[in-house]
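Report on one structure; see the data block that follows.
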Amino acid sequence: MPPAYRVSHLAALEAESIFVMREVVAELERPVLLFSGGKDSIVMLRLAEKAFAPARIPFPVMHVDTGHNFPEVLQYRDRRVAELGLQLVVASVPEALESGLVVESGDGTRNRIQTPVLLDAVEKYRFDALFGGARRDEEKARAKERVFSFRDEFGQWDPKNQRPELWGLYNGRHHAGESIRVFPLSNWTELDVWHYIAQEGLDLPSIYYAHERQVISRDGMLYAVNQFIQPRGTEQPFTAKVRYRTVGDASCTAAVESSADTVEKVIDEVAATRITERGATRGDDRVSEAAMEDRKREGYF
Amino acid sequence: MSTPTLAAPEQRAMDLLRFATAGSVDDGKSTLIGRLLYDTKSLFTDQLAAVEAVSAARGDEYTNLALLTDGLRAEREQGITIDVAYRYFATPRRKFIIADTPGHIQYTRNMVTGASTADLALILVDARKGLVEQSRRHAFLCSLLRVPHLVLCVNKMDLVDWSQEVFERIADEFTAFAAKLEAPDLTVVPISALKGDNIATRSENMPWYEGPSLLHHLEHVHIASDRNLVDVRFPVQYVIRPQSTTVTDYRGYAGQVASGVLKPGDEVMVLPSGLTSRIAAIDTADGPVAEAFPPMSVTVRLEDEIDISRGDLICRPNNAPAVAQDIEAMICWMDESRPLRVGGKYALKHTTRSVRTVVRDLHYRLDVNSLHRDEEAVELKLNEIGRLRLRTTAPLLADEYRRNRTTGGFILIDESSNRTVAAGMIVEAS
Ligand SMILES: Nc1nc2c(ncn2[C@@H]2O[C@H](COP(=O)(O)OP(=O)(O)O)[C@@H](O)[C@H]2O)c(=O)[nH]1
Ligand SMILES: [Mg+2]
């Protein structure tokens, strides 16, 4: 066979993700793309751009704003949304705290209380399809998630009652009030995402690359000292060269020591690393063996 | 494998191989997957540490690699696998997607799901037990779903003294069975998943075995020609018509090439209308391309303005699928709440086309273990497979599944619960 008919794994993944996005727009009424300014959602937005070119992306983006943000990420979000001419919906945890929809959790992290805020926005805007950037390689419960993942009217996931997903035949049917979470990056790994960022020349928030920062060491992880994280007890702040592998709630996302300040160096580092990205950076997933499964059942992304 | 290799820019150009695993409970499926991940350095230390901690807490005598794949709480509690889990690993030659499917008969639907997109299936048997009823069922399901490559792994060779005789007896018996199923390409490998023999490297305990290690086979099995590059089939997924002042008069048909090779200038026919035109251009966001072939997602523009919408299909005038409302198909029923019955009405999704359908006739139910056909059957329950005839409200643009997995496969959806209730493989369309 002529070599021209070869398709690289990255091209195959891209083609599959574009197919998924077009299915959603063709079959569902009101899709929205969850855009956090994290690398996975940046890649997802790029795929959306490619799927509908030369037309504009035919849906809005939504940011679930915990109020615990990295300023670099917010700036990035606003710039990207303006460049693409998109509508941005902000589902705000601080506003929900003020209105009493949610109350601050004991440990001050806002991972769990994001869920009702997200679900409230979904109801208000009547979104019926939510694109999320989650990947199956991230975590064990995610490994069993469908590409089109059905949620009942309470936004809940029932892992034992998932729709079989055959060939590329996705079933997005639902009744009013129910919705579908769609994960176009299901089959991508962290390394694939970085190779794609390099291939597409995608620009990322600066905190993904190595930089110097005041940090403290807590539970074996490095946390930036900022308005949300202050040294406790005997913790001594020190300067370290770090980067972020994931960008989540700034009050519980840890950095990793790194000197990778270009995309090529990050790829080298990711290919060599021996710790999963959530294990290295998420205080929230360490709580129990089934922490992620429990949060997902409740409607978490 | 040295790490810089996986990081190199050429690694963007690896191929992708999707495979499904099947085996009975305790044949060593989870151990094998754990071993493949471990030997390709795809396991992370925190995953391993978590598994070690859980193993120790449960009182397992060794680190139970199966815990890596058994992700849901219920599975860990019951020590079984209840759903399809997807795993990823890469070597410098290929990226692999594993669909890890449970083996029990009550999970036939999960195996069908995993096999539907697989390039290759791994079937495990325990060398001490040899072929069991389940092994035959797994092989049958792989052939029903037309998985192009089959690998039988005879596992636990360490427990039969690495015996060539035991291996050959099982290999011969399976080969004879597979021949009846028209399994397209079969390879048999003696392994020990636990000890790592013939997984990433050739075993020193079985010098009589002259074939490749399992990983070597996975890296080298020739999959490029599995794609159908002959029959042009382009199901229209979405019509792109920018509402913009800068791009005017653009009308493109977006979709993923199911099979065949499309080129600008080609004469094409649009179904179901039968109207013809030529391809003016094939666009992607990175610019126009000279050819499109599977699995590319592209946007096709035609020279003439004809009315085309989602669910239509672009093909060549001299090579078209059937435009058919009477469909003969094999069905795997996947719904536990209600069985399939003659007269039942469902929504049917086939490529990008959705229609309604009624079951006109159930010819037989197939016993997936004995392959016996029960012609008296009046319904299909969860995990049962049968041959039936459907009538659709609008035509399908259909090929036989054996010729084209994309234009030959469909799903049935229950219109009240919206659940996906069946997988269908077209045998004949008219
Ligand atoms: N001796 C031996 N034991 C094995 C081998 N592969 C798996 N086992 C054991 O067989 C049991 C079942 O394995 P598991 O991977 O959970 O099987 P699964 O049910 O197919 O996923 C476990 O006790 C494994 O340690 C092997 O190659 N040799
Ligand atoms: Mg298992």
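All values below come from the heavy atoms of this structure, side chains included, with hydrogens, waters and symmetry mates left out. Every chain is numbered from 1, with letters handed out A, B, ... down the list of sequences.
Using a 4.5 Å cut-off between heavy atoms, I413(B) touches chain A through its side chain atoms alone. For E16(A), the parts sitting under 4.5 Å from any heavy atom of chain B are the backbone and the side chain alike. Neither the backbone nor the side chain of S309(B) comes within contact range of chain A; no heavy atoms are under 4.5 Å apart. With a 4.5 angstrom heavy-atom cutoff, L145(B) touches chain A only via side-chain atoms. Only the side chain of S354(B) comes within contact range of chain A, with heavy atoms under 4.5 Å apart. For S17(A), no part lies under 4.5 angstrom from a heavy atom of chain B.
With a 6.0 Å radius and a threshold of 12 heavy atoms from other residues, nucleotides or ligands, R56(A) has its CZ atom at or below the threshold.
Contacts with chain B were tallied for E14(A), E23(A), E165(A), H174(A); E23(A) has the most, counting heavy-atom pairs under 4.5 Å. Between chain B and the residues F52(A), W188(A), F150(A), the most heavy-atom pairs under 4.5 angstrom are made by F52(A). Of the listed residues R136(A), E178(A), E49(A), the one with more heavy-atom pairs under 4.5 angstrom with chain B than any other is R136(A). Of all the listed residues (T352(B), V298(B), T284(B), D335(B)), the one sharing the greatest number of non-hydrogen pairs under 4.5 Å with chain A is V298(B). The greatest number of non-hydrogen atom pairs below 4.5 Å with chain A, out of K95(B), R405(B), Q243(B), E336(B), is found for K95(B). Note on T113(B), T117(B), L16(B): by heavy-atom pairs under 4.5 Å with chain A, the leading option is T113(B). Contact tally against chain A (heavy-atom pairs below 4.5 Å) for R241(B), R18(B), E415(B): the top residue is R18(B). Between chain B and the residues A53(A), A26(A), P58(A), A143(A), the most heavy-atom pairs under 4.5 angstrom are made by A143(A). Your options are S116(B), A254(B), A115(B), and the one with the most heavy-atom pairs under 4.5 Å with chain A is S116(B).
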For side-chain contact (heavy atoms from CB on, under 4.5 Å), just list the numbers for Q162(A) and V84(B), CA-CA rounded to whole Å, side-chain angles, deciding distance to a tenth of an Å, and then say yes or no. CA-CA 10 Å; Q162(A) 302 195 74; V84(B) 190; over 6 Å; no
Apply side-chain contact (heavy atoms from CB on, under 4.5 Å) to the pair Y86(B) and D137(A), showing each step before the final yes or no. CA-CA 8 Å; Y86(B) 293 89; D137(A) 80 324; over 6 Å; no
Please walk me through it: do R310(B) and E27(A) pass side-chain contact (heavy atoms from CB on, under 4.5 Å)? CA-CA 10 Å; R310(B) 173 173 168 84; E27(A) 293 213 324; 3.0 Å; yes
Begin from the C-alpha positions of D286(B) and K50(A) and carry the test side-chain contact (heavy atoms from CB on, under 4.5 Å) through to its verdict. CA-CA 8 Å; D286(B) 299 312; K50(A) 287 187 141 186; 2.9 Å; yes
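Contact check for D192(A) versus Y88(B): no side-chain heavy atoms found under the 4.5 Å cut-off. Between M334(B) and L166(A) there is a side-chain heavy-atom pair separated by less than 4.5 Å. Taking 4.5 Å as the limit, every side-chain heavy atom of D15(B) sits out of range of all side-chain heavy atoms of S8(A). Two residues are said to be in side-chain contact when any heavy atoms from C-beta on lie closer than 4.5 Å; L10(A) and M14(B) fail this criterion. A 4.5 Å side-chain heavy-atom check between P54(A) and I240(B) finds at least one atom pair inside the cut-off.
A donor-acceptor distance shorter than 3.5 angstrom exists from the side chain of Q237(B) to the backbone of F19(A), with no hydrogens or angles considered. K349(B) contributes a side-chain N or O that, together with a main-chain N or O of Y170(A), makes up a donor-acceptor pair within less than 3.5 Å. Listed for the S297(B) side chain is a donor-acceptor partner under 3.5 Å among the backbone atoms of A15(A). The backbone N or O of L169(A) sits nowhere less than 3.5 Å from a side-chain atom of H350(B) that would complete a donor-acceptor pair. Using modelled atom types, one side-chain atom of R163(A) and one backbone atom of N418(B) make a donor-acceptor pair closer than 3.5 Å. Under the 3.5 Å distance criterion, the side-chain polar atoms of N187(A) are left unmatched by any main-chain donor or acceptor of I97(B).
Of all heavy-atom pairs spanning R227(B) and Y5(A), the tightest one is NH2-O, 2.6 Å.
With Y238(B) as the aromatic partner, R22(A) does not meet the cation-pi criteria of under 6.0 angstrom to the ring centre and within 45 degrees of the ring axis.
In this structure, NE2 in H175(A) is found 7.5 Å from OG in S417(B), a value given to the nearest 0.5 Å. Between the OG1 atom in T407(B) and the CH2 atom in W167(A) there is a gap of 11.5 Å [rounded to 0.5 Å].
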